[in-house]
Protein chains: 2
Amino acid sequence: MLSIAGDGSAVNDGVRDPNETRKLGIYGRGYDGILQVTGRALRFERDQEIYGYGNDADQVFKVEAGVVRTYRFLRDGRRQVDCFRATGEVFGLELGGSYTLSAAAACDCTVIAYRRRSLEKLAANNEQLRLQLSSAALSSLARAQEHSLSLGRRNAAERVAMFLIECLEYSNSTTDIQLAMPRRDIADYLGLTMETVSRTFSHFAHDSLIELVGTRRVRLRDTAGLRALYV
Amino acid sequence: MLSIAGDGSAVNDGVRDPNETRKLGIYGRGYDGILQVTGRALRFERDQEIYGYGNDADQVFKVEAGVVRTYRFLRDGRRQVDCFRATGEVFGLELGGSYTLSAAAACDCTVIAYRRRSLEKLAANNEQLRLQLSSAALSSLARAQEHSLSLGRRNAAERVAMFLIECLEYSNSTTDIQLAMPRRDIADYLGLTMETVSRTFSHFAHDSLIELVGTRRVRLRDTAGLRALYV
DNA sequence: CGAAGCGTTGACGCGGATCAAAGGCAGTGG
DNA sequence: CCACTGCCTTTGATCCGCGTCAACGCTTCG
């Protein structure tokens, strides 16, 4: 049995099959780099914690399947979702010794865990891996900065429109998106309430910008119109 | 004459003395790393642009004196300040070929410009420099994530209290802070309006949490009380 | 059939934006 | 030394977008 995060306090063991390993490049969505680093595949159920705020940051992760959210709570329970990570994306990179965010499965998912020390040791002599790690850090940075712009200056409709387009880019369809997460997660990502997200979806549907196909499926009927809302 | 950013369109030349150079480690506030990299010192006046959104990202910068802001505009003029950078801090690190933010002097300041290609070449064989660069990227990331939490989930008083404590950490005093930037910049950093920032300052003063000494100087009278507002 | 979650919709209130005006304060010129 | 000018900041009045609270619908599961 292997504990995923440092202190094990509120952390479930995500391992289903400890013998299962993956050799995978560590960079980008769906891109397998030239260097193959061995990590351990772990499976998590919806809402299961991968690591907690303040835990010992001794692992770096890559999503193999499903979607992960990174997030933080304020004392009174308010929550901000920092980012959703889809297949191929790296998370858990830290400067200091402990995680500054928590991470959990947004839906049932599989992630590959790499030992941080191993990566650091390997990176010392491997330019390819260094490039992959710094790319992961810098693309996370750019996304966090874009996210700040949305949270600080965009209104509800603009944020939701952006979110839908973001989802579309992760989708394999050009019109349909499958939402991996419930309304509450979307709301906490966008700095809104569940009700406002729901109302905005309804408005968009009424204006024929989208079509709601069940609660977890959205068909974009006017992608250009959605983009125009926030660009 | 040397152009600071790629296309030179809206970019002023910040060089006052092209012969002036600096040998400085590239990491952290006031910390000079072991590796000494040679950069060019440039001086900028308040509000002068250092680089613009979309410009060719061929340089990395470090603040030598004063304060720099990185920011972005929406089409209609709304602005979000991503971050203020004080002495010793690095900015302008990018994954892609162009800057995803703009940067300008928040007050008269001096920055050191390093050629990106030179840094990348040097970093290939220098672990010390690599550490400094990745530290800069990862600490920027942590700050951007913390910023998202504030913008998404904290109210005006909490944001302003946090900003004041942040400023205190950059100050050499334990009670007094000198604001390098006008209210508008603070507001755009905190995702608020100038008026709300001003009113919140006044409330804090009325509640004896702070004392306003002129418009650019604040004395913190109850640091613990301010911290309690947002932790 | 009942219970529990999640999502939607409506009514209402509040925090912060907007609009407007007046108050410092530094720089300039007489 | 003072008056003038323009910018930044403060303060007040009003407005509105989104949060809060509440009820209801839909789906799943026992």
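First the proteins, then the strands, lettered A, B, ... as listed; each starts at 1.
- Looking at B:Arg153 and B:Glu158, no side-chain N of the basic residue comes within less than 4.0 Å of a carboxylate O on the acidic one, giving no salt bridge.
- A 6.0 Å sphere centred on CZ of B:Arg216 holds more than 12 heavy atoms belonging to other residues, nucleotides or ligands.
- Below the 3.5 angstrom threshold, one finds no donor paired with an acceptor across the side chain of A:Arg78 and the base of D:dT20.
- The distance between atom CE of B:Met194 and atom C1' of C:dG24, rounded to the nearest whole Å, is 14 Å.
- One atom, CZ of B:Arg217, and another, C1' of D:dT9, lie 18 Å apart when rounded to the nearest Å.
- Following rounding to the nearest Å, A:Asp185 (CG) and C:dG7 (C1') show an atom-to-atom distance of 14 Å.
- The number of heavy-atom neighbours closer than 6.0 Å to CZ of A:Arg184, taken from other residues, nucleotides and ligands shown, is 12 or below.
- Contact between the side-chain N/O atoms of B:Ser198 and the OP1/OP2 oxygens of D:dT9 is not found at any separation under 4.0 Å.
- For the contact set between residues 200-215 of chain A and DNA chain D, defined by any heavy atom under 4.0 Å, there are no members.
- Note on B:Thr193: a side-chain N or O is less than 4.0 Å away from OP1 or OP2 of C:dA17.
- When the P atom of C:dT8 is taken as reference, atom CG of A:Leu179 falls 10 Å away, rounded to whole Å.
- Rounded to whole Å, atom C1' of C:dC6 lies 9 Å from atom CZ of A:Arg216.
- If you measure from atom CG of A:Leu192 to atom P of C:dG7, you get 15 Å, rounded to the nearest angstrom.
- Between the P atom of C:dA17 and the CZ atom of A:Arg153 lies a distance of 7 Å, rounded to the nearest Å.
- Aromatic pair B:Tyr53/B:Tyr99: centroids not less than 6.0 angstrom apart.
- Atom CZ of B:Arg78 sits in a crowded spot, with more than 12 heavy atoms from other residues, nucleotides or ligands closer than 6.0 Å.
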Problem set entry | ring pair (Phe, Tyr, Trp, His ring centres under 6.0 Å) between B:Phe61 and B:Tyr51, intermediate numbers included | CA-CA 10 Å; B:Phe61 301 88; B:Tyr51 56 77; 5.7 Å; yes
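- With respect to the salt-bridge test (charged N to carboxylate O, under 4.0 angstrom), the residues B:Asp185 and B:Arg79 qualify.
- Atoms CD (A:Glu195) and P (C:dC6) sit 14 Å apart, rounded to a whole Å.
- Contact of A:Arg199 with C:dG10 (side chain to base): a donor-acceptor pair of N or O atoms is detected under 3.5 Å.
- Residue A:Pro182 places its side chain closer to C:dC6 than to any other of C:dC6, C:dG16, D:dC18.
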